[in-house]
Amino acid sequence: MKIRQHLCISFFALLSLTKLNAQTTTQWGPEGFVKIENGTSGFFAALDPGDRFSREHDVVGDIDGDGILDLAVGARSDDDGATDAGAVYIVFMNSNGTVKSNQKISMLSGGFNDTLTTSSFFGYGVAGVGDYNGDGIPDIAVSANHVPNGVIYILHLDTNGTVKSYVKNQNIVSQGLSAIGDLDGDGRVDIVACNPSSNNGGRGRGAIKLLFFNSNSRVDNTKTVDISSTQGGFGTGLANEDGFGGREVAMLGDLNGDGDKELAVGAFSSDSGKGAVWILSLDSSTFNVTSKLKITEGMNGFVDELSDTINANGTFGAAFGHAMCAPGDLNGDGVPDLITGANQQNDGDGYILYLNPDKTVKTYTKINGTNGGFGLTLTPIERFSRSISFIGDLRGDGTIAVNIGGGAGVPGGSGTLYLLFLKPCDFVQEPGNNHWNGGNTLFSNWNHISQSLTSDSLTFEQCTFKAFETDAAYMTYNFNDGRCICKDSNAVLTVSTELSTAFTNACFSGYVVSMDEIQNSNKQVKVYPNPASSVINILVASNTFTNTDKIEIISISGKTIYSSKLSKQHNTFEMNEFPRGVYIVRVHSNNYTEHHKFIYE
């Protein structure tokens, strides 16, 4: 009988999940990407070279009511009506990350009738702000750096993405906008305006404004909080030309549980252009800075080397901290993490910074054309990570999507947007000290003969990404020396005399077995059909049961959607009332625990 290929762990891999008292760590890792640029992935627009599409972007919400999140994407150098007048595209999405349709908003399109001028750069900053005017349709904030004054527009949208009405907030310079949630509790989303060119306190030191809007979509100037080297409690630490504010900030939430929220802010020109990220703790009532911490090369846990050489565009350094977003907790330690980048370094490097409660970096994972497991193909000096925003669960299957902009360094390019999908994946630890022996080695930084590392020591998070990258069924990690060894499904569990720990990668892309294999398998539990279209069958080998025996069905996000006492060998479960996606069957018996992944499609 034919074996169908699918994203599922093999039965041999599932064997490792049956160990009693196994501990599971959930890590978020790569599950592909979609590249959006003019003429690809359903996006068709009259873009010209140098329009800088994706210079800024944000998730808006479901504008057209189809149940799928939509995006706003800036093209600040569009020439509709005047050179560099700017434009914004409302991008209606399909759940798989491709584009269903788009609506351009400019001086000549989309119902926007304000007059823009040369170098207005409308779309320099965009942010989804929710429904400001109460009509049930999400709205957006858009910045335009008119000379000499800046403007932030609140655009009230219609369901087709055109502008129903707008409010013009003047005299606010912003080279980037970020929505930070409802900080003051008034029911409206607040935003941060970034001005890295501000001369407040010194030439080009930079500044940000925390902006609060009233029910008329106008900035409440009595509540505005300015943060710079002379304002908002920041204090010392910034130097001339640091570019504090970057192009985006990220609201992390309360890292340490003290009631004050942490805000990440970039200073991409600091330290000779290498760049930095500042984590600010904001007072819960005044939103002034109560404490801060700087993250850059060799400081506060970040150990990667950053470039400080001259770039093709005449700038210096890596531009670390240029853009960022807050994706939530990606390594299961209970602390929110941060995604940022160094877009001037090589072809552009993205970074997942795993944070500690004290704002320092626990470890990091790098994302580029060769690292991270997404399989990206980047153009030289593409400036990948020049803009970053968080979408969330676009596909409705428990994965998350992150937007990362690129294409700025591509000759003749108009801009590129990458949607990176990350999935939660269980790494199941075998009890005791063990390692995976034999099989084929897919990655290793350890020489068994010399008993030494062959390259840098890896953290646990970095090792799991190697398992993602190599599609390894099994991973051996040593918490003492940072050795990391990834094996295929032919490896066998062996006792370790070197205090290593063995893990099974529950996202290993194995195969779905045929019915013949199910019937002949020696597992305690069988789950079929897989994929399932409506009903799944759960067979258990044992015909005796205890009061503690139990069946659970768990969503990929970790939510238990079904739980029942196990009292018979053949169990059936209707899936029709639940969304399609990936699920786990967990069977607890008196002498084993067994997990099986299945797909409901």
Side-chain angles (χ1 to χ4, degrees), residues 56 119 121 124-125 143-152 170-178 180 191-211 219 221 224-250 262-283 286-300 302 306-311 313-324 340-345 359 386-387:
E56 179 83 320
S119 299
F121 294 127
Y124 211 134
S143 68
N145 287 335
H146 291 286
V147 179
N149 300 314
V151 174
I152 294 179
Q170 296 180 289
N171 301 316
I172 306 172
V173 177
S174 177
Q175 295 180 23
L177 295 174
S178 295
I180 56 172
I191 66 175
V192 170
C194 304
N195 185 10
S197 299
S198 171
N199 294 322
N200 194 298
R203 186 182 65 257
R205 290 194 179 190
I208 62 173
K209 284 182 181 288
L210 278 61
L211 301 175
V219 172
N221 291 315
T224 297
V225 177
D226 294 286
I227 298 176
S228 67
S229 63
T230 64
Q231 299 170 299
F234 186 92
T236 61
L238 296 179
N240 291 347
E241 308 296 351
D242 268 7
F244 174 75
R247 309 299 190 190
E248 296 147 1
V249 304
E262 274 68 49
L263 182 72
V265 183
F268 61 89
S269 297
S270 71
D271 295 78
S272 300
K274 290 183 177 182
V277 173
W278 288 88
I279 308 292
L280 313 180
S281 294
L282 304 181
D283 184 89
T286 67
F287 311 120
N288 277 223
V289 178
T290 59
S291 65
K292 62 184 186 294
L293 181 136
K294 182 180 180 181
I295 297 168
T296 189
E297 178 188 320
M299 185 178 292
N300 291 312
F302 184 68
L306 297 172
S307 169
D308 61 358
T309 58
I310 191 168
N311 301 309
N313 62 358
T315 63
F316 284 87
F320 178 69
H322 187 271
M324 61 190 66
T340 188
N343 73 89
Q344 295 278 18
Q345 183 167 269
K359 311 186 193 75
R386 69 185 179 128
S387 54

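Hydrogens, waters and symmetry mates play no part in the numbers below; they use all other heavy atoms, side chains included.
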Steps toward side chain to side chain contact (heavy atoms under 4.5 Å, CB included) verdict (Q345, L306): CA-CA 7 Å; Q345 183 167 269; L306 297 172; 3.9 Å; yes
Sole candidate of L177, I180, I227 that passes side-chain contact (heavy atoms from CB on, under 4.5 Å) when paired with V192: I180
Worked check of side chain to side chain contact (heavy atoms under 4.5 Å, CB included) between S143 and E56: CA-CA 10 Å; S143 68; E56 179 83 320; over 6 Å; no
Side chains of I279 and E262 in contact at under 4.5 Å (non-hydrogen atoms): yes
Pairwise side-chain contact, F268 with Q344, heavy-atom cut-off 4.5 Å (strictly under): no
With rounding to the nearest 0.5 Å, note down the distance linking [atom1] in [X] to [atom2] in [Y].
X: I191; Y: I208; atom1: CD1; atom2: CD1; value: 12.0 Å
X: F316; Y: S272; atom1: CZ; atom2: OG; value: 9.5 Å
X: L293; Y: W278; atom1: CG; atom2: CH2; value: 8.0 Å
X: I172; Y: N221; atom1: CD1; atom2: CG; value: 7.0 Å
X: N240; Y: S270; atom1: CG; atom2: OG; value: 12.5 Å
X: F302; Y: T340; atom1: CZ; atom2: OG1; value: 8.5 Å

Salt bridge (Lys or Arg N to Asp or Glu O under 4.0 Å) contacts touching residues 193-210 (sequence neighbours left out): R203-E241, K209-D226
I need the minimum non-hydrogen distance between [X] and [Y], along with the two atoms involved.
X: N200; Y: S229; value: O-OG, 3.5 Å
X: N311; Y: G317; value: ND2-O, 2.9 Å
X: G233; Y: N288; value: N-OD1, 3.9 Å
X: D242; Y: G237; value: OD2-O, 4.2 Å
X: S269; Y: G243; value: CB-N, 4.4 Å

L210/L282 under side chain to side chain contact (heavy atoms under 4.5 Å, CB included): CA gap, chis, key distance, verdict: CA-CA 11 Å; L210 278 61; L282 304 181; 4.1 Å; yes
Working for side chain to side chain contact (heavy atoms under 4.5 Å, CB included), residues S178 and E248: CA-CA 6 Å; S178 295; E248 296 147 1; 3.5 Å; yes
Residues that K292 engages under salt bridge (charged side-chain N to carboxylate O under 4.0 Å, His left out), provided they are two or more places apart: none
Audit row: K294, D271, salt bridge (Lys or Arg N to Asp or Glu O under 4.0 Å) steps and yes/no: CA-CA 11 Å; K294 182 180 180 181; D271 295 78; 2.7 Å; yes
Counterpart residues, side chain to side chain contact (heavy atoms under 4.5 Å, CB included), relative to V173 (two or more places apart): N145, N195
Backbone of G275 reached by a side-chain donor or acceptor of T296 within 3.5 Å: yes
